[in-house]
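Read through the structure below, which is laid out as structure tokens, and then see the notes.
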There are 2 protein chains.
Amino acid sequence: MNTLISREQDYALRIVAYLAGLKSGETLSVKELSKKLAISKSFAARIVHKLKNSGILGTVQGKFGGVFLKANPEELSLLDVLKIVGFNSRLNACLYDDYICPFEDICKFHTFFIKLEKQILDTLSKKKINEFQFFT
Amino acid sequence: MNTLISREQDYALRIVAYLAGLKSGETLSVKELSKKLAISKSFAARIVHKLKNSGILGTVQGKFGGVFLKANPEELSLLDVLKIVGFNSRLNACLYDDYICPFEDICKFHTFFIKLEKQILDTLSKKKINEFQFFT
DNA sequence: ATAATATATTACTAATCGAGTAATATTAAC
DNA sequence: GTTAATATTACTCGATTAGTAATATATTAT
């Protein structure tokens, strides 16, 4: 099994999409969130924390604390969320900046992969979280 | 570093594209091939062997033996080659057949990923090896 | 026959990464 | 102070990748 998007990144998308469905002012505990989305509590907590550090989530500590979406789900793209949780996948190794290709310009695969990858990333950044809300 | 296409699969593409440039009847030893493409001889040999088993390459054993392309490079797609060397990557884990999703139909990410992945695979199967020949 | 030079085939290793778990600290409501 | 929440770090297990090494087998030239 090899995937462009890791489990953690997938979970992050689902967490944000789920929170986008909360009413304004409402919060949800990580415990509830992890139950609803079938993610372990520890794992969910770690992801939530990363998302909070980036500013797109807000959290309330202490008893009756919880989590809520701060960003506007109509402007927040899938790629935004993915990058927050470390998305760095490429179509092919030769697309990484520090890759030294012995064929430089003559390799037609390189230019082909660049184009295809751009298409994928464009799609991921055009799609916004509000289109993926649960229960709407 | 995480890539959809592994090094081995990338090498396979390059090997096939390189062989597509040989004159009819000509063969090239794995040793030469590995030098030209900057792949270790052992690794190249293993890949060549897989490609030969699938039928798209022919090999001649013994002294003055070598390797040549049997398939028609105008009909051989990138996806064909990738699959021969074990390409099985997916955009997201939920796309694997044996993945049990607790959300079944209600998850909008699932349908989105299916569509995007189909686009990628279509592109990879429309592109044929002859478009990627070296030195033409 | 034998030496030389190819491919064929398998086994091994080292490193990295992903996924998840566990434990503890900190914070805030009551 | 107790309870229940997030914050933070460390750890483990397993799978995968990339590459190496070693040996077997095949073919041809001499």
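Each chain gets a letter, A, B and so on, in the order its sequence line appears, and its residues count up from 1.
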Identify, residue by residue, the members of residues 29-43 of chain B with a heavy atom below 4.0 Å from DNA chain C, and return them in order of residue number, or none. Ser29(B), Val30(B)
In whole angstrom, what separates Ile5(B)'s CD1 from dT17(D)'s P? 13 Å
Would you indicate, yes or no, if dA7(D) has its OP1 or OP2 atom less than 4.0 angstrom from a side-chain nitrogen or oxygen of Lys52(A)? yes
Pairwise 5' ranking along DNA chain C for Arg46(A) and Phe64(B), keeping only the more 5' one: Phe64(B)
Name the residue closer to the 5' end of DNA chain D, choosing between Asn2(A) and Val67(A) according to the nucleotide with the nearest heavy atom. Val67(A)
Examine distances only and state if a side-chain atom of Gln9(A) and a backbone atom of Ser6(A) form a donor-acceptor pair shorter than 3.5 Å. yes
Using whole Å, what does the distance between atom C1' of nucleotide dA19(C) and atom CE of Met1(A) come to? 9 Å
Rounded to whole Å, the CD1-C1' distance (Ile47(B) to dT7(C)) equals 15 Å
I need the minimum non-hydrogen distance between Phe103(B) and Lys36(A), along with the two atoms involved. CE2-O, 3.3 Å
Roughly how many Å is it from CG in Leu19(A) to P in dT6(D), rounded to a whole number? 11 Å
Just the rounded figure in Å: distance from P of dC17(C) to CZ of Phe87(A). 16 Å
It should be established whether His49(A) places a side-chain nitrogen or oxygen under 4.0 Å from OP1 or OP2 of nucleotide dT6(D). no
Please give me the minimum heavy-atom distance between Ile39(B) and Ala44(B), naming the atom from each residue. CG2-N, 4.0 Å
Please state how far atom CG in Leu4(A) lies from atom C1' in dC17(C), giving the value in whole angstrom units. 15 Å
In whole Å, what is the span from the CD atom of Gln61(A) to the C1' atom of dA25(C)? 10 Å
Would a distance-only check, ignoring hydrogens and angles, find a side-chain to backbone donor-acceptor pair under 3.5 Å from Lys31(A) to Lys41(A)? no
What is the ring orientation for Phe109(B) with Phe132(A), classed by angle as parallel under 30°, tilted 30 to 60°, or perpendicular over 60°? parallel
Would you say that more than 12 heavy atoms from the other residues, nucleotides or ligands in this model lie under 6.0 Å from the NZ of Lys128(B), or not? yes
For the pair made of CZ in Arg7(A) and C1' in dT21(C), what is the distance, rounded to whole Å? 17 Å
Does the side chain of Thr59(B) get closer than 4.0 angstrom to OP1 or OP2 of dA8(C) through an N or O atom? yes
Salt bridge check: are Glu131(B) and Lys108(A) linked by an N-O gap of less than 4.0 Å? no
For Tyr11(A) and dG20(C), is the shortest distance between a side-chain N/O and OP1 or OP2 below 4.0 Å? yes
